[in-house]
Amino acid sequence: MAKKSEKDVVGKATEVTVKATEKADKGKAAGEKYVFLFGGEGTEGDASMKNSLGGKGANLAEMSRLGLPVPAGFTITTECCNAYFALGGQFPEGLKKQVMTALAEVERLMGRKYGDAENPLLVSCRSGARQSMPGMMDTVLNIGLSTTTIPGLIAKTNNERFVWDSYRRLIMMYADVVMEKAEGIEPYDGKGIRRILDEMLDQYKYIKDCKADTDLTAEDLKTLAHAFKRRIKEVLGTEFPDDPMQQLWGGIGAVFKSWVGKKAVSYRRIEGIPENWGTAVNVQTMVFGNMGDSSATGVAFTRNPATGQNLFFGEWLLNAQGEDVVAGIRTPSPLNNATKTDQNRDMKSMEDMMPATYKELDAIRLRLEKHYRDMQDIEFTVEEGKLYMLQCRTGKRGGKAAVTMALDMLDDGLINETDAVLRVNPNQVMEFLLPIIEPKLEAKSQWLLKGLPAGPGSACGEIVFTSADVVRATRMGKKVILVREETNPEDVEGMRDAVGVLTARGGMTSHAALVARGWGKSCIVGASEMQVDAPNKTLKVGDKTLREGALITMNGSAGTVYEGALRLVEPTAGEDYAEFLRFMSIVDKLRTMGVRANADTAVDARKARSFGAEGIGLFRMEHMFYGEGSAKPLFLLRKMILCITVADRVAVLKELFPYMKNDIKGTMEAMDEFPVTIRLLDPPLHEFLPHSQLGRLELSKALGIAEDEVRKRVDALQENNPMMGHRGVRLSVTYPEMTEYQARAIFESAAELIRDGKKVIPEIMVPITCDVRELRHTKEIVERVYAEVVRRFDLKKLKYKLGTMIEIPRAALLADQMAADAEFFSFGTNDLTQLTFGFSRDDIGSFMSAYLDQRILAADPFQTIDQSGVGALIEMATLKGRAVRPDLKVGICGEQGGDPASVEFCYKTGLTYVSCSAFRVPVARVAAAQAAIKAAKQ
Ligand code: PEP
Ligand code: MG
């Protein structure tokens, strides 16, 4: 027997939608319209009403207006969903009446009656949010079948098997969605009612020696339906409802509640979809794809969503209901012959099996593309030869496909350049930078397994078999590939963290494929030669067995899987990259804000430049102490930290000097003609102190002091709050000689490059300032060294700028004073966020997920700028700074600089540039262009 979970579903939802109460009350007073009809001439909504009707509802209305064959129905609005939660899980006043009126109209249009013994109308209840959340919310089909309506439907369809099959499906779905999930019932052993009933079905098939569901007879299905109902009573303690009206309202409520179901909440968090959008409910006349061999169901895209190729692309199943395609339970056949692959070459296409209906569907496809001027994702059903359109929405696509489609549609005159740029989600261009398997190595390697190429790019990792194991393994820093039998939206968290997703069943349009593609994740589905044994954590291909932890490499663009780890390389060669470059050139035409990169070596700077960076926004001087070749400079830094006298420090600085110069010069050379912002040393000292005995011994030798003395000096340097300790400009104040040598390294590098004919634009940036006098102190040292170098090189051409980071709220508050001496500002939003929130950037791991789960914060402010707090400081500091120095250059160089929402904020705030890691430069370029386009449209 299952129990109610402590957190009742409605209770939880009520908490998060309290704000909706006021609005709902107002709606009630005004007699708000909650129900909109579609399907016939009286269609009330249209495509522009997505916020109220959800994407699905708005498009069903739009297709009805276009005169396409849409089964009649009605949409209950998202406002009603919010009102439902605000009322603690009660339907708002007036809804019942509106639903009954709409239902009567649907009955009239379809010539059938809901709950009628002779000519019954059956309906589906489907969710539909403003933005598509594939598979994350719930649906119930075949609502209205009961002991009263079953005989009538059998008599009318003369198809007893079909009716019992529909009934057992209703029972399975309803028990799962309405009676268990929506009631907040958590099964004790994690085995929900759906699995229990599925096992009963499998067992029954085994006893009856049936291979497929379709081998079950009407009598079998009837026996099963009765057995299901008994089991439901035993497990859930309530009867499966036999009253069609009770079923309908149960279905509507359950769809609303699925908005706060686990999958939906996780997905919203990952995608940044606001809680208060709510879902609409679409109640629509059922049409049946499972009425025999003249019936079918399918899902299609008006163009290929994985490659962007302009070919009608889809999958279909004969004699099946839609859930069979999208749930990935049966591997469907290709829609037409042109899109067949090696894996499905022998399967029958709809084009061959139902040529007339296929033609009709193809004509609708062209019509929809022209009307929407974008690729559409459609669902259709053929009921005894008659085609019905069940859904149409702008299709999710991978990054490469998005760019291909945008350029093709631009070339065909369907859209203009601004539309083309807006068509690509900025994060998606990362796909062009995704690694590929080293081509020569791949050509030589024999693949182990082949499936459908559902998500692009290559990935290499250890295999794991559950979503929870992915999350665990990635926390330990492992790269893993999630292997599943079939695709399942419950796995959303694991899919997100895994480097790749591999499934044995399911098609290109299954939910997992859609979701993975949307995230640009390497994904292969329908690799049917693989047998997955999740409980024993193994997969088998032929006589080969791979266990959890085994390494595989997958090529998501080709659908091939290799055993072991193949080398991955960057994808800069080939046609795809040329297309990317063309798209980016259009992006840059429409972009006004600058984009720079954070890089600290010549190699990284060259890479950043090849990705379109227009300079370096942050060269962290201390990065020479990390990574390759850092052993010697790190040793010298440690030595310097432990020096007591100025003379000793200067001696070490002289040794360090060539290392500083090397990286600075290399980076400036790589960025010839572009500015390079060099940030003076800002080492958090605690990261560099020697902790091992060996380290201390080496230093004691180098400094000529006892190891015990080294230990004492190290202890003396320990800080309680190193992030707020002896770092940044404070080092310049205490050890001015450090600043002197850094300035000399910068100016000498620049002077030498100028002599070699390069155009260098150094910008010296002072970190962690909170007062203009700190800046002045550093400026004096820098000016002195500048004069000395210019004299020595006899070079008047050497020009530079001096500016400050704004990382401390006090510096933002006093930005007008700072601007008197700073020629530029760069917001260090890592520290500015740390110090504005008082959240240690090194310690958020222990509480941030709780803040996000409990929706105290909508997003992690270290990833996307907190616009209301940190953003307010940025706005104020920019205004104050420019009031004193109108030509003040203002940028951002914290991690948020590559986040599209933050880039848009920076554009609106009037920043001169954003600076981010090299790989995010293209993302920032697209985001900046889109921000400019959107602003111009307003
Ligand atoms: C920042 O604080 O945002 C910044 C870029 O500096 P760092 O991350 O090096 O402290
Ligand atoms: Mg900082």
Side-chain angles (χ1 to χ4, degrees), residues 595-601 604 608 613 615-627 637 663 667 676-688 719 721-732 742 763-770 774-775 778 803-812 815 818 822 824-844 860-867 869-871 873-874 877-878 889-899 902-903 905-906 909 911-918 920-921 924:
V595 175
R596 298 192 191 182
N598 296 353
D600 332 282
T601 62
D604 288 354
I616 299 294
L618 175 64
F619 172 102
R620 287 178 169 100
M621 190 77 98
E622 64 277 11
H623 270 235
M624 72 174 129
F625 306 121
Y626 300 100
L637 176 75
D663 280 340
T667 303
V676 176
T677 307
I678 298 147
R679 201 260 308 266
L680 298 180
L681 268 173
D682 179 17
L685 288 187
H686 63 300
E687 285 181 21
F688 295 109
E719 292 176 317
N721 283 315
M723 276 293 186
M724 292 193 273
H726 195 178
R727 59 178 288 213
V729 70
R730 295 157 212 170
L731 285 166
S732 177
Q742 292 175 77
E763 297 178 341
I764 298 177
M765 181 156 78
V766 188
I768 302 284
T769 50
C770 62
E774 293 171 310
L775 194 57
T778 305
T804 184
M805 293 189 77
I806 304 279
E807 299 175 278
I808 297 182
R810 189 174 192 273
M818 304 300 274
F824 63 88
F825 285 171
S826 178
F827 291 101
T829 40
N830 302 331
D831 276 311
L832 190 58
T833 301
Q834 167 168 260
L835 295 166
T836 303
F837 276 85
F839 288 170
S840 159
R841 54 195 268 196
D842 288 347
D843 301 306
I844 49 163
D860 177 351
F862 289 97
Q863 289 179 23
T864 189
I865 289 178
D866 154 52
Q867 296 188 14
V870 176
L873 286 172
I874 294 177
T878 306
K889 276 218 278 194
V890 184
I892 173 181
C893 62
E895 280 308 296
Q896 300 89 334
D899 161 63
S902 308
V903 172
F905 169 79
C906 291
T909 312
L911 263 55
T912 321
Y913 67 86
V914 294
S915 186
C916 55
S917 66
R920 294 205 71 83
V921 164

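Only heavy atoms go into these numbers, but all of them, side chains included; no hydrogens, no water, no symmetry mates. The shown structure was predicted, so the numbers you read here are calculated from the model rather than taken from an experiment. Both ligands and their constituent atoms are indexed starting at 1 by order of listing.
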N-O pairing of R620 and D682 below 4.0 Å: no

With a cut-off of 4.0 Å, which atoms of ligand 1 are near a heavy atom of [X]?
X    : result
R727 : 10 (O)
L618 : 5 (C)
D831 : 1 (C), 2 (O), 3 (O), 10 (O)

Name the option, out of M765, R679, M621, that contains the heavy atom nearest to atom 6 (O) of ligand 1. R679

Counting heavy atoms only, which of M805, R620, E895 is nearest atom 7 (P) of ligand 1? R620

Would you please determine whether M723 falls within less than 4.0 Å of ligand 1 on a heavy-atom basis? no

In this structure, CD of E763 is separated from CZ of F619 (nearest 0.5 Å) by 14.0 Å

Rounded to the nearest 0.5 Å, how far apart are CE of M818 and SG of C770? 7.5 Å

Measuring from the Mg ion (ligand 2), name the closest N, O or S atom belonging to E807. OE2

Flag for T878-T909: side-chain donor and acceptor within less than 3.5 Å: no

Does any N or O atom in E622 lie less than 3.5 angstrom from one in ligand 1, N or O only? no

State, with a plain yes or no, whether a side-chain heavy atom of E622 is found less than 4.5 Å away from one of R679. yes

